[in-house]
Amino acid sequence: MTTQTQQTTGPAAQQQGSHHFILTLQKPHGGGSVTATFTNTFTPRPDDTRADVYEVLCEQVTRANPELARANVLFFSLERNQL
């Protein structure tokens, strides 16, 4: 089994979002699978639901990583970004 882990960084990481997310995807590849984890901060629009944010994040991640299109979601967490 092949495993890869990725982490998103960039402008959103520099601006502290109101929520922190972790999204782990897995897709069959060759005789095994590829697993990738993405983490960053995100500020939802005022009327967004958790389901809305989930769909937006999955779309953004797979647009940036087309090889993960139609991957299985192994883990998703979205929580307020405060201690």
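Ring to ring, Phe21 and Phe76 are not that close: their centroids are 6.0 angstrom or more apart.
At a threshold of 4.5 Å between non-hydrogen side-chain atoms, the residues Ser18 and Asn81 do not count as touching. Two residues are said to be in side-chain contact when any heavy atoms from C-beta on lie closer than 4.5 Å; Thr24 and Phe38 fail this criterion.
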task: Go through the steps to decide whether Thr49 and Tyr54 satisfy the test side chain to side chain contact (heavy atoms under 4.5 Å, CB included), and finish with yes or no.
output: CA-CA 9 Å; Thr49 65; Tyr54 169 81; over 6 Å; no
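Side chain of Thr41 to main chain of Gly17: a donor-acceptor pair is present (N/O by atom type, distance under 3.5 Å, no hydrogens or angles).
Here the shortest heavy-atom pairing between Leu78 and Arg50 reads O-NH1, 2.7 Å. Here the shortest heavy-atom pairing between Lys27 and Ala71 reads CB-CB, 3.9 Å.
Criterion: ILVMFWY side-chain heavy atoms under 4.5 Å apart, direct or through other members. Under it, Ile22 and Leu25 are not part of a common hydrophobic cluster. Note on Leu74: it does not cluster hydrophobically with Leu57, by side-chain heavy-atom contacts below 4.5 Å among ILVMFWY residues. By the criterion of side-chain heavy atoms lying less than 4.5 angstrom apart, applied directly or through intervening Ile, Leu, Val, Met, Phe, Trp or Tyr residues, Phe75 is not grouped with Val34; the two fall into different hydrophobic clusters.
Not a single salt bridge (charged side-chain N to carboxylate O under 4.0 Å, His left out) links Glu79 to another residue, sequence neighbours left out. Shown here are the side chain to side chain contact (heavy atoms under 4.5 Å, CB included) partners of Asp48, two or more places apart in sequence or in another chain: Pro44, Arg45, Asp52, Val53.
In this structure, Leu68 CG and His29 NE2 are separated by 10.5 Å, a value rounded to the nearest 0.5 Å. Put simply, OG1 on Thr62 and CG on Leu23 are 9.5 Å apart, with the number rounded to the nearest 0.5 Å.
Judged purely by distance below 3.5 Å, without hydrogens or angles, the side chains of Thr39 and His20 pair a donor atom with an acceptor atom.
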